[in-house]
Asker: 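There's a structure below that I have some questions on.
Note that the structure is predicted; figures quoted are calculated from it, not measured.
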Amino acid sequence: MLQSLSKIHNPLFRSLTAASTAMSMVTIMAALAIGFSEQPRNKSAHQKGVYASLLALFAGAGIGLAVRTPQKASHKPRSTSKTASSDSWQGWRDFQIVRKEQESAEITSFYFQPVDGGKIPSFEPGKYLTIKLDIPEQPRSVIRTYSLSDYPSSNDYYRLSIKREVSPKGLDVPPGVASNFMHDHIEVGSIIPCKPPSGKFYLNVADAVPAVLISNGVGITPMIAMAKACARENPQRHVWFIHGARNGSYHACREEMAALGQSHPNLHLHYCYSRPRPEDEGLYHSQGYADQQLLAEKIIPEIKSIHNGSGNAEYFLCGSPAFMESIRTGLKELKVHEEQVFFESFGGGKTKGKSEEKSSTLGALESAEVKFADSDQTFTWTPAAGSLLEFAEANGINPDSSCRQGVCQTCACQIMAGEVEYLESPASEPDEGVVLLCISQPKTKQLVLEL
């Protein structure tokens with residue numbers, strides 16, 4: 001009876017139903033008792049029956065009110081990887097460096113834990129962390145984005161593995177300000193503000209299709225997180241981990257990945273050294289580069305041999321611009337569909353995705369009124385002002401920015417009114433209603449931005 005009552009959501013109807021049911025049951029029982037008694041016409045017995053029925057009426061009403069309707073069970077599917085978390089935060093949050101470890105001649109890993117001791121959100125492998133550095137002699141804080149290079153089961157720290165960027169040979173270009181500051185001045189105990197993990201380059205761990213992770217140089221960092229995530233949460237999935245380096249001294253996290261490969265047979269490692277040293281013997285698989293030839297002669301045949309002749313796979317690419325362009329061109333020639341190729345570029349390079357024609361109206365606007373809503377200021381933009389990021393900075397409004405090439409999405413901003421157009425295609429499309437300030441300009445005479 002209680003289960004039936006609990007299905008009635010209206011408390012008034014539930015109470016009346018319980019009251020009438022209880023009264024009916026007691027009345028029937030009283031009538032039967034009187035009928036089988038030795039004095040069926042006894043007035044006192046009839047009064048007791050009435051009293052019992054009334055008592056049952058009130059008792060039933062009380063029971064009806066007391067019974068609770070159970071909450072509906074949530075039918076939201078459970079995540080098969082560490083992609084859903086309620087521990088995220090908004091804006092900047094202070095993290096402390098709890099460990100610093102050199103991984104190669106150029107790359108050092110930094111381990112971040114929140115100063116407040118609270119939880120940190122999980123993330124899709126491949127995403128990046130945005131950090132803010134207060135560097136002496138820099139006029140403002142320096143903001144950079146670096147791929148998360150680990151996928152810890154404990155989920156109590158983030159790791160960034162950062163390459164020291166030196167001045168290119170033959171070019172009058174200063175060394176990387178942020179990367180050199182991290183290497184030379186950030187130590188255990190340093191405090192660095194961070195934003196939550198973000199980015200659109202990541203691997204869906206739950207997929208069954210083979211994953212081929214191809215990288216060179218510091219491009220190895222997101223691939224480590226991807227390989228670890230699959231090995232831990234979807235070990236049946238076959239993953240090819242292909243990395244190119246100059247030699248063993250420039251190969252970061254080699255022992256870490258070797259240990260992972262030994263414990264997970266579906267993780268296939270292949271290292272290419274372009275200029276191996278004698279002491280590297282036995283530590284790499286082929287001399288040369290991770291390129292189209294390696295994919296055609298070794299990797300794709302391996303995929304087919306394991307998957308009954310099917311070469312279907314997803315390809316994830318990360319590395320220098322020249323490397324990226326070469327691999328993408330090679331995959332296209334190998335008839336790999338572009339929807340199966342995902343990529344991210346380091347070192348100031350860009351990934352274009354599908355080619356797009358320039359808008360015929362680009363540059364046609366002579367001026368526009370741009371309002372910065374949060375700052376409550378309005379200025380007149382002209383083509384000479386450059387991008388919206390440059391325009392904002394020239395007028396004393398300094399939005400967060402990093403790559404300034406439409407790659408990292410640090411300068412993403414909400415459009416409240418009007419339209420924009422891109423000077424060049426973003427590396428990955430921002431969310432609807434959001435603009436990347438560094439590569440855009442007004443398209444309409446009035447534009448309102450949430451800055």
Asker: Between Lys195 and Asp400, is the closest basic N to carboxylate O distance under 4.0 Å?
Answerer: yes

Asker: Please name all residues satisfying ring pair (Phe, Tyr, Trp, His ring centres under 6.0 Å) with His251, sequence neighbours left out, ordered by chain then number.
Answerer: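 In terms of ring pair (Phe, Tyr, Trp, His ring centres under 6.0 Å), with neighbours along the sequence ignored, His251 is linked to His243, Tyr271, Tyr273.
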
Asker: Do the charged groups of Arg164 and Asp184 touch, with an N to O distance under 4.0 Å?
Answerer: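 Counted as a salt bridge, because a side-chain N and a carboxylate O are separated by less than 4.0 Å.
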
Asker: Between Tyr146 and Tyr128, is the gap from one ring center to the other below 6.0 Å?
Answerer: no

Asker: Salt bridge or not for Glu101 and Arg99, using N-O below 4.0 Å?
Answerer: yes

Asker: Please lay out, stage by stage, how Ser387 and Gln441 fare under the test side-chain hydrogen bond (donor to acceptor under 3.5 Å, both in side chains).
Answerer: CA-CA 5 Å; Ser387 69; Gln441 66 182 31; over 6 Å; no

Asker: Any side-chain donor-acceptor pair under 3.5 Å between Tyr284 and Asn247?
Answerer: no

Asker: Which residue in the set Val212, Leu213, Asn266 passes side-chain contact (heavy atoms from CB on, under 4.5 Å) when paired with Val239?
Answerer: Leu213

Asker: List for me each residue that meets ring pair (Phe, Tyr, Trp, His ring centres under 6.0 Å) alongside Phe372, sequence neighbours excluded, and say none if there are none.
Answerer: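 So Phe372 forms no ring pair (Phe, Tyr, Trp, His ring centres under 6.0 Å) with any residue.
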
Asker: Regarding Glu393 and Arg140, does a basic nitrogen lie under 4.0 Å from an acidic carboxylate oxygen?
Answerer: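 Salt bridge present between Glu393 and Arg140.
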
Asker: Regarding Gln340 and Asn312, is there a side-chain donor-to-acceptor distance under 3.5 Å anywhere?
Answerer: yes

Asker: Using a strict 4.0 Å threshold on nitrogen-to-oxygen distance, state whether Glu187 and Lys100 make a salt bridge.
Answerer: yes

Asker: Could I get the full list of side chain to side chain contact (heavy atoms under 4.5 Å, CB included) partners for Asn395, not counting sequence neighbours?
Answerer: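 Asn395 satisfies side chain to side chain contact (heavy atoms under 4.5 Å, CB included) with Phe379, Phe391 only.
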
Asker: Who passes ring pair (Phe, Tyr, Trp, His ring centres under 6.0 Å) against His268, sequence neighbours left out?
Answerer: His238, Trp240

Asker: Output all residues satisfying ring pair (Phe, Tyr, Trp, His ring centres under 6.0 Å) with Phe95, sequence neighbours left out; order by chain, then residue number.
Answerer: Trp89, Tyr158

Asker: Do Arg328's NZ or CZ and the ring of Phe343 fall within the cation-pi criteria of under 6.0 Å and 45°?
Answerer: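 Checked: cation-pi criterion met.
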
Asker: Who passes side chain to side chain contact (heavy atoms under 4.5 Å, CB included) against Phe181, sequence neighbours left out?
Answerer: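 With neighbours one apart ignored, the set is Leu133, Ile135, Pro136, His185, Ile186.
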
